[in-house]
Amino acid sequence: PPPPPPPPPPPPLPSMTVLAAASATHTSSSTHSETTVEDLLDIILQLKPHEHAISAIYQGLHCLDSSALAALLKELAKQGHFKRSIEVFDWLRSLPSDHELAYLCDLYTYTTMISQCGTQPQLQRAMDLFNEMRQRGVSCNVHTFSSLMNVCIKANNLDFAQDVFNQMIREGVFPNLVTYNILIDVFVKKGQWDEAVKVLDTLGNQGVQVEVRTYNSVISACSKSGQLKQGVRVYDKMVAAGVKPTATTYTALISAYGKWNQLDKAMEIFHDMVRRGCERNVITYSSLISACEKAGRWELALDLFNRMLKENCRPNVVTFNTLIAACAVGGHWEKASECFEQMQSQGCRPDSITYGGLISAFEHGGQWRRALKAYEEMQTQGCAPDAAIFNSLLEVLWQSGVLMAQVKAFQLWTHANRLGFFRIYINSRQQTCPALQCSIVALTTGAAIVTVLRWLGELRNKLYKDGPSFFRQSVTFKLQKSKQTRVEHSAAQIYGGLSTLLSSSGGGCPIAISLADSVVTLEAPAAALVTWLKSPTFGDVVQMYTQRYSQQFKQLASNLLFSEDVAIAARCIEVFSAVRKYEQMHVLNNSLCPPEILQQRPNIVRKAFWYGAEFRFSEDTIWEGLQLFDRITCSGVLTVSSLASVIAA
């Protein structure tokens with residue numbers, strides 16, 4: 001960097017008053033020796049903003065050496081008076097070299113002021129002070145270089161921090177543990193886990209006693225880079241060296257195992273943490289619950305959450321978000337809803353991720369009314385929806401099969417498109433290209449179906465506006481995958497959904513669909529596509545959702561939709577009452593169960609689960625069916641021969 005500008009001229013000194021802001025006139029050197037850092041600190045803190053610090057403490061500075069002045073400057077910055085610290089030091093460094101107070105600007109005070117630049121951060125000022133030290137012949141030590149490296153990190157100039165370290169080595173200044181810790185922090189922030197491991201190995205080879213913070217930084221770097229084996233190796237090395245792991249150590253390992261979907265290993269680390277008596281914190285439990293989410297273990301996630309509460313560990317928004325997401329992955333929207341209500345009752349404010357997990361849970365449970373209600377609630381809370389939320393909403397609305405919900409899906413698609421989502425990109429704007437190529441990113445089957453229908457509707461509008469020439473020789477539409485998210489469907493699922501849509505869209509559909517490299521492609525010759533777009537069959541398909549019923553349901557309110565759930569709940573109560581009445585009429589009697597049925601019991605259960613899986617029944621539904629079967633066999637309603645025919649079938 002260029003040399004710093006010359007320091008400003010010193011302000012005019014006051015008359016030789018001693019501690020004018022505090023006491024009487026200085027008259028003897030004995031009084032000088034009684035002035036302490038605390039005295040000068042109190043005087044400066046009592047000054048008004050427009051008063052000069054030098055005028056108040058000028059004579060008192062004669063009582064300090066450079067280390068005492070460094071302590072004063074540190075304390076001023078610590079108490080939030082950084083500008084006062086700069087005022088004092090900048091006045092001192094502006095003094096001529098023959099001034100009686102010039103000796104105070106030395107290694108200690110320069111290094112202190114360089115380190116303070118990290119609190120702003122002020123990298124340029126730190127470099128100016130560093131260069132000024134060299135111009136004045138003040139040697140830099142390990143603390144100076146370390147402080148400058150730390151300022152570089154705070155200013156997010158990681159390459160420059162590494163250059164400072166290399167310069168330090170070239171000048172023969174030997175790094176200490178603090179320096180190496182800062183260097184490891186540089187590599188951690190740059191994602192260079194291998195370099196961080198090398199630094200740790202260097203410390204071991206030099207016989208340096210590495211502290212727990214250093215190990216934690218390296219393990220965290222390995223964890224964030226997906227280097228699970230290296231992280232475990234560092235952990236084993238740490239334990240072998242007799243360094244006691246902390247909650248940060250265990251949490252980094254748990255997070256690493258969770259990312260690689262090794263929940264059992266993460267639980268082993270957790271149990272070792274408990275065995276060693278290490279206190280668990282909210283980050284530990286949140287990381288472990290997140291690992292449960294990735295493994296699909298929602299029950300274990302709830303157990304850990306309850307254990308967390310028993311240990312008086314207060315959950316935060318991250319904890320609740322991972323817990324709700326775990327319930328969503330497990331397909332238990334009721335549990336996700338309970339967690340959401342508990343979150344609010346504990347005063348934890350939901351964010352966009354919270355609502356995204358809740359809507360995803362409703363999507364898995366087919367609860368489209370509740371999903372809409374959650375979406376409207378998140379808007380009133382000022383939470384912005386993302387692509388995953390819109391994809392979940394379109395999925396649950398479309399798959400409901402309810403015309404009213406599917407029309408709402410088209411309205412939401414339009415709203416999301418205006419916000420920048422579901423943008424259809426034309427990849428061949430040059431007229432010389434023989435094909436009109438379009439593409440989009442869709443994460444769920446429902447979103448893909450709605451998008452294709454909207455695209456076809458737009459093509460029909462273009463046909464009437466620009467004529468057949470707009471279509472060129474052929475038309476291609478590709479649905480691509482993006483960065484994996486919590487709601488993304490596989491390309492095969494999207495392919496299957498679109499295939500069903502096209503096959504049911506009436507005769508004459510010329511669009512061919514294919515799947516290759518996780519990209520679903522729709523392709524049709526331009527002439528055939530134009531003919532189909534003009535046909536009444538196509539108009540009936542698209543207009544049903546885009547025009548004919550759109551206005552009718554445009555003002556569809558979630559409270560109206562939710563009221564239907566109340567009616568459904570009333571019917572459920574009626575059915576449940578009928579079931580209870582049936583149970584009372586047919587009391588179970590185990591002696592009435594034929595031995596043949598008991599012998600076939602394992603086979604019956606096995607077949608029930610096999611057929612249940614084929615029909616995509618939930619486990620609860622299968623168990624309820626088996627209970628109904630048991631009630632029939634133990635109530636004497638059916639004869640042995642009729643039961644045997646049922647089993648044979």
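Model, not experiment: these values are computed from the prediction.
Around atom NZ of Lys259, more than 12 heavy atoms belonging to other residues, nucleotides or ligands sit under 6.0 Å away. No more than 12 heavy atoms of other residues, nucleotides or ligands sit less than 6.0 Å from atom NZ of Lys224. In Ile283, the CD1 atom is not crowded: 12 or fewer heavy atoms of neighbouring residues, nucleotides or ligands sit closer than 6.0 Å. Atom CD of Gln79 has more than 12 neighbouring heavy atoms from other residues, nucleotides or ligands inside a 6.0 Å radius.
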| said: Test side-chain contact (heavy atoms from CB on, under 4.5 Å) on Val282 and Arg314; report intermediate values, then the result. | reply: CA-CA 7 Å; Val282 63; Arg314 183 178 179 84; over 6 Å; no
| task | Mind running side-chain hydrogen bond (donor to acceptor under 3.5 Å, both in side chains) on Asp163 and Gln167 for me, showing each step along the way? | result | CA-CA 6 Å; Asp163 291 341; Gln167 179 66 25; over 6 Å; no
| task | Show your reasoning for whether side-chain contact (heavy atoms from CB on, under 4.5 Å) applies to Met343 and Leu323. | result | CA-CA 10 Å; Met343 176 183 187; Leu323 187 63; over 6 Å; no
| request: Might you work through the salt bridge (charged side-chain N to carboxylate O under 4.0 Å, His left out) test for Arg275 and Asp272, ending with a clear yes or no? | output: CA-CA 5 Å; Arg275 181 178 58 83; Asp272 184 57; 2.3 Å; yes
| Test side-chain contact (heavy atoms from CB on, under 4.5 Å) applied to Asn316 and Thr319, step by step | CA-CA 5 Å; Asn316 58 16; Thr319 314; 2.8 Å; yes
| message | Could you go through Ile440 and Gln480, starting from their C-alpha distance and side-chain angles, then the distance that decides it, and tell me whether this counts as side-chain contact (heavy atoms from CB on, under 4.5 Å)? | response | CA-CA 6 Å; Ile440 197 172; Gln480 302 172 339; over 6 Å; no
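Between Asp90 and Arg93 there is a salt bridge, since at least one side-chain N of the basic residue sits less than 4.0 Å from a carboxylate O of the acidic one. Ion pairing between a basic and an acidic side chain is recognised when a charged N comes within 4.0 Å of a carboxylate O; Arg307 and Glu311 show such pairing. Salt bridge absent: Glu51 and Lys48 never bring a charged side-chain N and a carboxylate O closer than 4.0 Å. Between Asp185 and Arg213 a salt bridge is recorded (basic side-chain N to carboxylate O distance below 4.0 Å). Using a 4.0 Å cut-off between charged nitrogen and carboxylate oxygen, Asp194 and Lys198 do not count as a salt-bridge pair.
Taking each heavy atom of Thr179 and Ser146 in turn, the nearest pair found is OG1-OG, 2.7 Å. Residues Ala70 and Thr109 come closest through the heavy atom pair N-CG2, 4.0 Å. The shortest heavy-atom contact between Cys140 and Leu107 is CA-CD1, 4.3 Å. Across all their heavy atoms, Leu158 and Val186 have their closest contact at O-CG1, 3.7 Å. In terms of heavy atoms, Val173 sits closest to Asn141 at CG1-C, 4.0 Å. Of all the heavy atoms in Asp65 and Ser67, the pair that sits closest is OD1-OG, 3.0 Å.
Two rings, from His99 and Tyr103, have their centers 6.0 Å or more apart. Ring-centre distance between Phe174 and Phe145: not below the 6.0 Å cut-off. Between Phe320 and Phe305, the ring centre distance stays below 6.0 Å.
For the atom pair CD (Gln262) and CD (Glu268), the distance works out to 10.0 Å, reported to the nearest 0.5 Å. In this structure, OH on Tyr110 lies 5.0 Å from CZ on Phe89, to the nearest 0.5 angstrom. Interatomic distance, Ile219 CD1 to Thr248 OG1, rounded to the nearest 0.5 Å: 10.0 Å. Put simply, CG on Leu123 and CG on Leu148 are 7.0 Å apart, with the number rounded to the nearest 0.5 Å. Put simply, CD1 on Ile254 and OG on Ser290 are 11.0 Å apart, with the number rounded to the nearest 0.5 Å. The distance from the CD1 atom of Ile57 to the CD1 atom of Ile54 is 5.0 Å, given to the nearest 0.5 Å.
Ile44 has its side chain out of reach of His81: every pair of non-hydrogen atoms, C-beta onward, lies at least 4.5 Å apart. With a 4.5 Å cut-off on side-chain heavy atoms, Trp91 and Leu101 count as touching. By the 4.5 Å heavy-atom criterion applied to side chains, Phe340 and Ile324 are counted as neighbours. Considering only heavy atoms from C-beta on, Phe160 stays 4.5 Å or farther from Phe165 through its side chain. Side-chain contact check for Ser115 versus Asn150: every heavy-atom pair is 4.5 Å or farther apart. Using a 4.5 Å cut-off on side-chain heavy atoms (C-beta onward), Ile114 and Arg125 make no contact. Here the side chains of Arg276 and Lys244 are not in contact, with every heavy-atom distance at 4.5 Å or above. Looking at heavy atoms from C-beta onward, Glu211 lies in side-chain contact with Asn181 at the 4.5 angstrom threshold.
One N or O on the side chain of Trp260 and one on the backbone of Gly226 form a donor-acceptor pair closer than 3.5 Å. Looking only at distances, no side-chain donor or acceptor of Thr111 sits under 3.5 Å from a matching main-chain atom of Tyr108. Listed for the Ser220 side chain is no donor-acceptor partner under 3.5 Å among the backbone atoms of Asn216. Side-chain atoms of Ser225 never come within 3.5 Å of backbone atoms of Cys222 as a donor-acceptor pair (strictly under, hydrogens ignored). At least one donor-acceptor pair under 3.5 Å links the side chain of Ser392 to the backbone N or O of Ala388. Remark: side-chain polar atoms of Arg136 are not paired, donor with acceptor, to backbone N or O of Ser97 under 3.5 angstrom. Put simply, the side chain of Arg349 gets close to the backbone of Gln381: a donor and an acceptor are under 3.5 Å apart. Proximity of a side-chain donor or acceptor of Arg280 to a complementary backbone N or O of Val274 within less than 3.5 Å is not detected. Without hydrogens or angle criteria, Asn205 side chain to Asp201 main chain gives a donor-acceptor distance under 3.5 Å. The backbone N or O of Cys152 sits nowhere less than 3.5 Å from a side-chain atom of Asn157 that would complete a donor-acceptor pair.
Side-chain N/O atoms of Thr251 and Ser287 include no donor and acceptor closer than 3.5 Å. Lys190 and Gln162 form a side-chain donor-acceptor contact under 3.5 Å, judged by distance and modelled atom types alone.
When Thr214, Val210, Thr249 are each tested for a side-chain contact (heavy atoms from CB on, under 4.5 Å) with Met238, only one passes: Thr249.
Between Phe390 and Phe421, the two ring planes are tilted [angle within 30° to 60°].
Taking the ring-ring contact (aromatic ring centres under 6.0 Å, His included) definition, one finds that Tyr257 meets it with nothing, sequence neighbours left out. Applying the ring-ring contact (aromatic ring centres under 6.0 Å, His included) test to Tyr215 and every residue at least two apart in sequence or in another chain returns nothing.
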